[in-house]
Amino acid sequence: MEPADDQLRDLLDGVEEALPAGELERKVRQVARGERPPLRVKLGLDPTKPDIHLGHTVQLRKLRDFQRHGHTAVLIIGGFTAQVGDPSGRSTTRPRLTPAEVAANAATYLEQAGRVLLPERLEVVDNSTWLGRLALPDVLGLTAQMTVARMLERSDFSARYREGRPIAIAEFLYPLLQGQDSVEVTSDVELGGTDQTFNLLVGRDLQQAAGQEPQTVLTMPLIEGLDGSAKMSKTAGNTIDVDDDPAEMFGKVMRIRDELLVKYLRLVTDVPPDEVDRVAAGLADGSLHPGDQKRRLAREIVAALHGPGDAAAAEERFNVQFRDRAIPDDVPEHPVGDDGDVFLPALLTGAGLAGTGSEARRLVTSGGVRLDGEVLTDPTAQLPAASLRGRVLQVGRRRFVRLT
RNA sequence: GGUGGGAUACCCAAGCGGCCAACGGGGCCUGACUGUAAAUCAGGUGGCUCAGCCUUCCGAGGUUCGAAUCCUCGUCCCACCA
């Protein structure tokens, strides 16, 4: 184990809050002195949606930091808790998922989380293995540890309560279940987003009641999504998904707001902290151009999740499509008939470039449809099928189809 | 359990018998500008081979020449009281 100071600087980089203050330092030093085994660091992911996005990777990356320093990552797939629904930060009750949906999501989560985590010093467990076996007396025992008043101290609950929106009793149970996970895996540290603080602290209480040393709580900042305002979430539809293909991922990163650049650089890339500080200063005094730095960010992110080769290819494609405003060469194909005329709105909907004929007409009317770069103006054009073969139909700046 | 109020397009929200495919805002889409950033500006945002037609305003009936608007029943939501 390396010197504890270096390790601590690394582990605390980007961390929003470490509770209680100084506890992580103490634990890490104990490990460094050989007074205790490597730390067991817990991160829970509820497979409520099919894909992991960049927001999740903030925590996964932190978990990997611990792995790199010799600690053990305990990744909990919340097969059971996903069906309860985490109320954190929610203004409404989450829709409940079926076990089948949860199982399907869990499979993709594991694969996607694996792109960030190291394969060694990794434990993966599904909390339905123990939570699913709790009997009513066990559940009552858990609920006895928490008071309604404490639950209502949470801003998300109190806001909902005040505004008369429903809070399901199952939602009160959620933090207790998450805390029970900590008892089951005897975690020394638990990671989570800042909106998880309450849940993470409940784990401490339950561990103490079970005679365990309570876990240290480490919260990571939430990152904003593509729209720049809300936190990144599937519900808001503003995610950059781990599973996005390289070109799409590169393009999405280029679309984030400038204000988020430094935060992303710090939280979702391997760029060293000192370097991030240097970039931040350069952007502030105008010596660095945001466009260049965003390119770099996009390269870093795509390279980390797909590979350097894919990152270079994605950037090249980006240059062609947006800098040169040319037509990329790997566009999907759509067959046109052999003979007769093709009605333009039908062609657009058939190729998936418009949802309805009406929408297609509107797109043409507003000048958003191009054929080989040439703007089409007649919304009801009848085009000879033979003349379309091999040409590229385009809607807006991003959607292309090659007619064959 | 009682008494009031409400359900309008993706979201919020006007409309309260014809001028309503339905004001306004948000979001989203397209265009201009640009660094596929932000900000700004313009247009669009139910369907349909579209100067027209068709289907919409929680659901089912009804009144009327005519209903999102009035009546009846049903469903769901909210507030106050218990």
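Given the structure is predicted, the values throughout are model-derived calculations rather than measurements. A, B, ... follow the sequence lines: proteins, then strands. Residue 1 opens every chain.
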**Student:** Can you tell me, in whole Å, how much space there is between the P of B:A67 and that of B:C57?
**Tutor:** 12 Å
**Student:** For the C1' atoms, the ones on B:G26 and on B:A14, what distance do you get once it is rounded to whole angstrom?
**Tutor:**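 Per the computed distance, 15 Å lies between those C1' atoms.
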**Student:** Quick test of your reading: applying side-chain hydrogen bond (donor to acceptor under 3.5 Å, both in side chains), list the pairs with at least one residue in residues 392-404 of chain A, sequence neighbours left out, ordered by first then second residue.
**Tutor:**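 Residue pairs passing side-chain hydrogen bond (donor to acceptor under 3.5 Å, both in side chains), neighbours aside: none found.
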**Student:** Tell me the interatomic distance from A:L348, atom CG, to B:U49, atom C1', rounded to whole angstroms.
**Tutor:** 13 Å
**Student:** Considering only atom C1', compute the distance from B:U63 to B:U69 and round it to an integer number of Å.
**Tutor:**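 Here B:U63 and B:U69 have their C1' atoms 13 Å from each other.
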**Student:** Hey, can you pull the residues of residues 373-380 of chain A with a non-hydrogen atom under 4.0 angstrom from RNA chain B?
**Tutor:** none
**Student:** List, one per line, each side-chain donor-acceptor pair under 3.5 Å for residues 323-335 of chain A, sequence neighbours excluded.
**Tutor:**
unit_1	atom_1	unit_2	atom_2	d
A:D330	OD1	A:R317	NH1	2.3
A:D330	OD2	A:R317	NH1	2.9

**Student:** Assign a letter to each nucleotide of nucleotides 25-35 of chain B from its 5' end: B, base within under 4.0 Å of a protein heavy atom; S, sugar-phosphate only; -, no contact.
**Tutor:** ----SSSS-BB
**Student:** Looking only at atom P, what distance separates B:G27 and B:A21, rounded to whole Å?
**Tutor:** 28 Å
**Student:** Sorted by first residue and then second, give each salt bridge (Lys or Arg N to Asp or Glu O under 4.0 Å) pair with at least one member in residues 255-267 of chain A; sequence neighbours left out.
**Tutor:** A:E224-A:K263, A:R257-A:E259, A:D258-A:K294, A:R266-A:D277
**Student:** Taking for each residue the nucleotide of RNA chain B bearing the nearest heavy atom, is the 5' side occupied by A:D341 or by A:R257?
**Tutor:** A:R257
**Student:** Would you please name every residue forming a side-chain hydrogen bond (donor to acceptor under 3.5 Å, both in side chains) with A:D241, sequence neighbours left out?
**Tutor:**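 In terms of side-chain hydrogen bond (donor to acceptor under 3.5 Å, both in side chains), with neighbours along the sequence ignored, A:D241 is linked to A:K234, A:T239.
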**Student:** What does B:A42 pair with, Watson-Crick or G-U, if both distances are under 3.5 Å?
**Tutor:** B:U30
**Student:** Please figure out whether A:F250 or A:A346 has its closest RNA chain B nucleotide nearer the 5' end.
**Tutor:**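 Closer to the 5' end of RNA chain B: A:F250.
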**Student:** Check this for me: does any side-chain nitrogen of one of A:R150 and A:D205 sit under 4.0 Å from a carboxylate oxygen of the other?
**Tutor:** yes
**Student:** Taking the C1' atom in each of B:G6 and B:G66, what is the distance between them to the nearest angstrom?
**Tutor:**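 Nearest-Å result for B:G6 against B:G66 at atom C1': 27 Å.
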**Student:** Will you find, in the side chains of A:D46 and A:Y174, an N or O donor that is under 3.5 Å from an N or O acceptor?
**Tutor:**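 Short answer, yes.
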**Student:** Report yes or no: is there a donor-acceptor pair, N or O only, under 3.5 Å between the side chain of A:S358 and the base of B:C50?
**Tutor:**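 Such a pair is found, so the answer is yes.
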**Student:** Is there a side-chain contact between A:L191 and A:K42 in this structure, where contact means two heavy atoms from C-beta onward sitting under 4.5 Å apart?
**Tutor:** no
**Student:** Check every strand shown and say whether A:R361 touches a base, only sugar-phosphate, or nothing at a heavy-atom separation below 4.0 Å.
**Tutor:**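 Base contact - A:R361 has a heavy atom under 4.0 Å of at least one base atom.
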**Student:** Does any nucleotide pair with B:C80 by Watson-Crick or G-U wobble geometry, both distances under 3.5 Å, and what is it?
**Tutor:** B:G2
**Student:** If the C1' atom of B:U72 is compared with that of B:G1, how far apart are they to the nearest Å?
**Tutor:**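 About 25 Å, rounded to a whole number of Å.
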**Student:** Taking C-beta and beyond as the side chain, do A:V342 and A:L388 meet within less than 4.5 Å on heavy atoms?
**Tutor:** yes
**Student:** Rounded to the nearest Å, what distance is computed from the NZ atom of residue A:K252 to the P atom of nucleotide B:A37?
**Tutor:** 16 Å
**Student:** If B:C19 has a Watson-Crick or G-U wobble mate with both distances under 3.5 Å, name it; if not, just say none.
**Tutor:**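 Looking at the geometry, B:C19 pairs with no nucleotide.
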**Student:** Go ahead and name the base partner of B:A68; Watson-Crick or wobble counts if both distances stay under 3.5 Å, otherwise write none.
**Tutor:**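 Partner of B:A68: none.
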**Student:** Just grab all the salt bridge (Lys or Arg N to Asp or Glu O under 4.0 Å) pairs involving residues 344-372 of chain A, residues at least two apart or on different chains.
**Tutor:**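 Output for this query lists A:D372-A:R391.
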**Student:** Sticking with atom P, work out how far B:C54 lies from B:U49, rounded to a whole angstrom.
**Tutor:**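 That atom pair is separated by 16 Å.
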**Student:** Expressed in whole Å, how much space separates the P atoms belonging to B:C73 and B:U3?
**Tutor:**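 One P to the other, the span is 14 Å.
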**Student:** Can you check whether A:T365 has a side-chain N or O nearer than 4.0 Å to OP1 or OP2 of B:G44?
**Tutor:** no
**Student:** Given that both distances must come in under 3.5 Å, which nucleotide forms a Watson-Crick or G-U wobble pair with B:A13?
**Tutor:** none
**Student:** Taking side-chain hydrogen bond (donor to acceptor under 3.5 Å, both in side chains) as the definition, give me every residue that meets it alongside A:T72, ordered by chain and number, with sequence neighbours left out.
**Tutor:** none
**Student:** Would you be so kind as to tabulate the donor-acceptor pairs closer than 3.5 Å made by side chains of residues 128-137 of chain A, with sequence neighbours excluded?
**Tutor:**
unit_1	atom_1	unit_2	atom_2	d
A:S128	OG	A:D126	OD1	2.8
A:S128	OG	A:D126	OD2	3.2
A:T129	OG1	A:D126	O	2.8
A:W130	NE1	A:D181	OD1	2.7
A:R133	NH1	A:T129	O	3.2

**Student:** Send over the distance from A:E224 CD to B:A37 P, rounded to a whole Å.
**Tutor:** 18 Å
